[in-house]
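Below is one structure, written out as structure tokens; comments come after it.
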Amino acid sequence: MPRFKQVKGLTDLNTLRAYVETLGVEIPIDGEIDPSGALAEPMTIADGYAGRKVAANRFTVLPMEGWDGLADGRPSELVKRRWRRFGTSGAGLVWGEATAVRHDGKANPNQLVLNETTVDDIAELRTLLDPSQVTVLQLTHSGRYARPTTAGPQPRTLYEHPLLDDRDEIDSSTLLSDDEIDELVECFVAAAVLAEQAGFDFVDIKACHGYLGHEFLSAQDRPGKYGGDLEGRSNFLSSVIAGIRGAAPHIGVAVRLSLFDFVPHVAGEGGIGRPATAAGCGPDGPGPDGYRYAFGGDGTGLGYDLTETHELLDHLAGLGVGLVCASAGSPYYVSHVQRPAYFPASDGYQPPEDPLVGVARLIAATAEVARRHPNIRIVGAGLSYLQQWLPNVGQAMVAGGCAGSVGLGRIMLSYPHMPADVLAGRPLDRRLLCRTFSDCTTAPRNGLVSGCYPLDDFYKQREERVLLAAAKRRSRARLR
Ligand SMILES: Cc1cc2nc3c(=O)[nH]c(=O)nc-3n(C[C@H](O)[C@H](O)[C@H](O)COP(=O)(O)O)c2cc1C
Ligand code: SF4
């Protein structure tokens with residue numbers, strides 16, 4: 001017996017609205033799509049230093065890496081194919097994928113790296129997009145999820161985390177010193193200088209999904225200048241941004257931010273996700289503080305309170321940041337919060353809630369920050385699960401001030417020209433709608449290149465498909 005209704009089966013607006021109501025959540029949904037309406041409006045992004053950029057419409061291609069670069073950090077033909085497809089998507093803004101500022105910060109051996117050796121190849125990626133598209137390049141160090149070579153993980157952390165350290169088999173030897181962080185700040189600044197040279201309009205200082213830039217924000221147990229109170233926890237971001245303003249004044253600065261986080265989840269009975277707990281830490285733990293390690297969390301590990309998120313966004317606005325891409329949680333430990341899906345990835349768990357509840361949570365938090373910070377353009381995310389209803393919800397979000405732009409992640413892998421179809425008033429090609437099978441996550445979790453294996457003919461024909469099918473069988477057995 002299926003636990004939740006699939007969106008595919010919610011075939012008309014009334015059925016969708018009635019089902020959303022039974023879930024006890026709110027999702028803004030427009031009845032008709034107006035191809036020349038809210039989604040077609042240009043979006044001005046004002047950076048306090050680099051000036052204004054205008055995206056032609058309200059669609060953004062979200063950052064989507066493919067675990068498919070060359071070992072030296074340059075793009076492969078697979079990376080170029082992805083960027084070419086994003087270039088013809090019709091989206092006004094393209095947020096380029098995670099690019100490490102140095103080799104030890106790569107999340108996988110095939111992540112892009114931006115340095116003096118690779119800059120010309122990364123510049124070529126920009127040329128594969130449409131010249132009219134506004135572009136962002138995401139700069140990152142993967143912190144506890146660093147896996148720069150095939151030899152295995154090489155995590156670097158900021159504080160001892162009572163749940164994640166056990167799970168990731170990490171001890172205190174992975175802690176970064178303040179001096180090492182100072183060096184890393186310089187690496188981010190140097191990479192931003194190169195991104196400017198490569199022709200990007202913005203760099204994103206990645207602060208989401210459990211990677212290093214995100215871990216700083218929950219480092220209240222870290223002594224010294226990069227932890228403690230919110231000023232200390234945001235000092236890394238502040239220092240990087242100040243450095244970029246001095247060294248590369250013509251590139252805008254953006255931030256991808258997990259607006260809130262949840263306690264890590266694990267597969268429980270029947271493979272269904274449940275909170276991981278440890279003494280003194282977790283919603284059921286005996287500690288008086290509940291779960292303290294979720295930036296933007298409400299203290300229980302299972303809800304959000306954006307008080308600190310607003311403070312951080314006010315601070316970023318003061319540093320001239322005019323563009324933020326919203327996200328939440330992490331795909332490693334709370335995938336249902338970060339990318340709602342019907343079918344879990346092989347390292348995940350069955351959704352503990354209807355994925356539409358996760359979508360509604362992301363929309364509500366994004367709307368709260370968009371309304372509170374009108375000087376920052378906020379890009380929404382986590383909407384692919386809406387499938388055929390994505391344009392109806394996206395239009396309602398933009399028209400209602402819930403987001404400046406509609407971010408498109410997984411659906412861009414299966415159906416990259418979806419924005420062009422919507423803006424031209426063409427009916428959606430339903431065969432290409434992402435059904436959240438999660439193969440694009442399962443493949444890299446098993447050492448294979450990412451891609452939409454079920455729906456993109458190019459990946460359907462690749463030999464990795466056989467290995468992927470075997471990995472999925474093993475995962476199904478584990479979650480049974
Ligand atoms: C295959 C894959 C690669 C991703 N790569 C990145 C990335 O490089 N940087 C990032 O911030 N998020 C990355 N994400 C997260 C997406 O940008 C997005 O937040 C997520 O997929 C939810 O949006 P959606 O529902 O439209 O897919 C990735 C997601 C997937 C599935
Ligand atoms: S593999 Fe394709 S259908 Fe499945 S989640 Fe990824 S993009 Fe969507």
Side-chain angles (χ1 to χ4, degrees), residues 7-8 59-69 78-79 82 85-86 91 94-100 106-108 110-112 136-140 142 145 204-211 213-214 254-259 324-332 335-346 348 355-356 358-359 362-363 366 379-387 390 393-394 406-416 418 431-445 448-460 464-465 468 472:
V7 173
K8 195 177 181 176
F59 283 114
T60 295
V61 178
L62 291 175
M64 301 285 289
E65 67 174 312
W67 291 260
D68 53 3
L78 289 178
V79 178
R82 185 165 54 253
R85 280 157 64 92
F86 295 164
V94 178
W95 203 295
E97 66 198 68
T99 303
K106 293 196 290 186
N108 62 78
N110 298 99
Q111 191 167 55
L112 299 181
V136 184
L137 187 67
Q138 182 173 77
L139 301 181
T140 188
S142 294
Y145 299 110
D204 158 22
I205 314 306
K206 186 173 192 175
C208 60
H209 302 167
Y211 297 111
H214 185 207
V255 174
R256 185 145 209 224
L257 181 64
S258 280
L259 301 178
V324 164
C325 186
S327 191
S330 162
Y332 296 103
S335 51
H336 70 291
V337 171
Q338 199 272 327
R339 57 181 78 147
Y342 198 88
F343 304 96
S346 61
L356 283 172
V359 173
L362 276 162
I363 292 175
T366 305
V379 178
L383 305 170
S384 288
Y385 186 71
L386 292 162
Q387 304 166 39
L390 202 164
V393 173
V406 178
L408 305 171
R410 290 162 291 181
I411 199 157
M412 283 292 96
L413 300 182
S414 64
Y415 187 177
M418 199 266 249
R431 293 165 311 162
L432 297 181
L433 288 170
C434 164
R435 300 293 182 191
T436 67
F437 296 123
S438 292
D439 287 8
C440 50
T441 305
T442 293
R445 295 286 188 267
L448 309 170
V449 296
S450 177
C452 185
Y453 289 85
L455 301 178
D456 179 347
D457 288 336
F458 178 85
Y459 284 93
K460 271 184 200 171
E464 288 96 335
R465 211 167 172 216
L468 178 64
K472 286 173 73 174

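Indexing begins at 1, ligand by ligand and atom by atom, following the structure's order.
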Considering all heavy atoms, the nearest Arg82-Met64 contact: NE-O, 3.1 Å
Metal proximity, Cys452 vs atom 6 (Fe) of ligand 2, N/O/S cut-off 2.8 Å: no
Nearest protein heavy atom to atom 2 (C) of ligand 1, by residue and atom, and its distance? Met64 CE, 3.8 Å
Is there a side-chain contact between Glu65 and Leu112 (heavy atoms, below 4.5 Å)? no
Whether the side chain of Ser414 engages the backbone of Leu433 through a donor-acceptor N/O pair (distance < 3.5 Å, no angle test) should be reported. no
With a heavy-atom distance limit of 4.0 Å, tell me whether Met412 approaches ligand 1 through its side chain, its backbone, both, or neither. neither
So, the side chain of Arg465 versus the backbone of Tyr459: is there a donor-acceptor pair under 3.5 Å, distance only? no
Keeping Asp68 on the side-chain end and Val449 on the backbone end, is there a donor-acceptor pair under 3.5 Å? no
Here the atoms of ligand 2 under 4.0 Å from any heavy atom belonging to Ser438 are 4 (Fe), 5 (S)
In the protein, what heavy atom is nearest to atom 1 (C) of ligand 1, and what distance, to one decimal place, separates them? Ser450 OG, 3.4 Å
For atom 7 (S) of ligand 2, find the nearest protein heavy atom and state the residue, atom name and distance (0.1 Å precision). Arg410 O, 3.3 Å
Where ligand 1 meets Gly382 - atom numbers and elements under 4.0 angstrom, heavy-atom basis: 22 (C), 23 (O), 24 (P), 25 (O)
Donor-acceptor contact below 3.5 Å, side chain Ser384 vs main chain Ile411: yes
Is the contact between Thr436 and ligand 2 made by the side chain, the backbone, both, or neither, using heavy atoms and a 4.0 Å cut-off? backbone
Judged on heavy-atom distance to atom 9 (N) of ligand 1, which of Arg256, Glu65, Gln138 sits nearest? Gln138
Give me the nearest non-hydrogen protein atom to atom 24 (P) of ligand 1 as residue plus atom name, then the distance to 0.1 Å. Ser384 OG, 3.3 Å
Sub-3.5 Å donor-acceptor pair from the side chain of Arg339 to the main-chain atoms of Gly409, do we have one? no
Residue portion contacting ligand 1 (non-hydrogen atoms closer than 4.0 Å) for Trp95: neither
Report the C-alpha separation of Met418 and Met412 in whole Å, then their side-chain angles, then the decisive distance to 0.1 Å, and conclude whether the side chain to side chain contact (heavy atoms under 4.5 Å, CB included) test is met. CA-CA 8 Å; Met418 199 266 249; Met412 283 292 96; 4.3 Å; yes
Check: Ser258 side chain, His209 main-chain N or O, donor-acceptor pair, under 3.5 Å: yes
One finds that the ligand 1 atoms under 4.0 Å from a non-hydrogen atom of Leu62 are 17 (O), 18 (C), 23 (O)
Side chain to side chain contact (heavy atoms under 4.5 Å, CB included) assessment of Ser142 paired with Gln111: CA-CA 10 Å; Ser142 294; Gln111 191 167 55; 3.9 Å; yes
Quick note on ligand 1: atoms under 4.0 Å from a heavy atom of Ala98 include exactly 8 (O)
Need the ligand 1 atom indices (1-based, order shown) with element for anything under 4.0 Å from a heavy-atom of Gly409. 24 (P), 26 (O), 27 (O)
among protein heavy atoms, the one nearest atom 31 (C) of ligand 1 is Arg339 NH1, 3.4 Å
Would you mind listing which atoms of ligand 1 come within a distance below 4.0 Å of any non-hydrogen atom of Cys440? 1 (C), 31 (C)
If you measure from atom 1 (S) of ligand 2 to every heavy atom of Cys434, Cys440, Ala443, Ala341, which option wins on shortest distance? Cys440
What do we get for Arg410 next to ligand 1 when only non-hydrogen atoms under 4.0 Å count, side chain, backbone, both or neither? both
One residue to check: Pro454. Relative to ligand 2, which of side chain, backbone, both or neither has a non-hydrogen atom less than 4.0 Å away? side chain
Answer whether the closest heavy-atom distance between the side chains of Leu383 and Ile363 falls below 4.5 Å. yes
In plain terms, say whether Asp439 and Lys472 are close enough for a salt bridge, that is, a side-chain N and a carboxylate O under 4.0 Å apart. yes
Under 4.0 Å from any heavy atom of Arg435, which atoms of ligand 2 are there? 3 (S)
Shortest protein heavy-atom distance from atom 20 (C) of ligand 1, along with the residue and atom involved: Gln338 NE2, 3.8 Å
Quick check: Pro63 and ligand 1, any N/O pair under 3.5 Å apart? yes
Evaluate the side chain to side chain contact (heavy atoms under 4.5 Å, CB included) criterion for residues Arg256 and Val136: first the C-alpha distance (whole Å), next the side-chain angles of each, then the deciding distance (0.1 Å), finally the verdict. CA-CA 11 Å; Arg256 185 145 209 224; Val136 184; over 6 Å; no
Does the N or O separation between Leu383 and ligand 1 drop below 3.5 Å for any pair? yes
At what distance is the nearest protein heavy atom to atom 4 (Fe) of ligand 2, and which residue and atom is it? Phe437 N, 3.2 Å
Keeping Thr436 on the side-chain end and Cys434 on the backbone end, is there a donor-acceptor pair under 3.5 Å? no
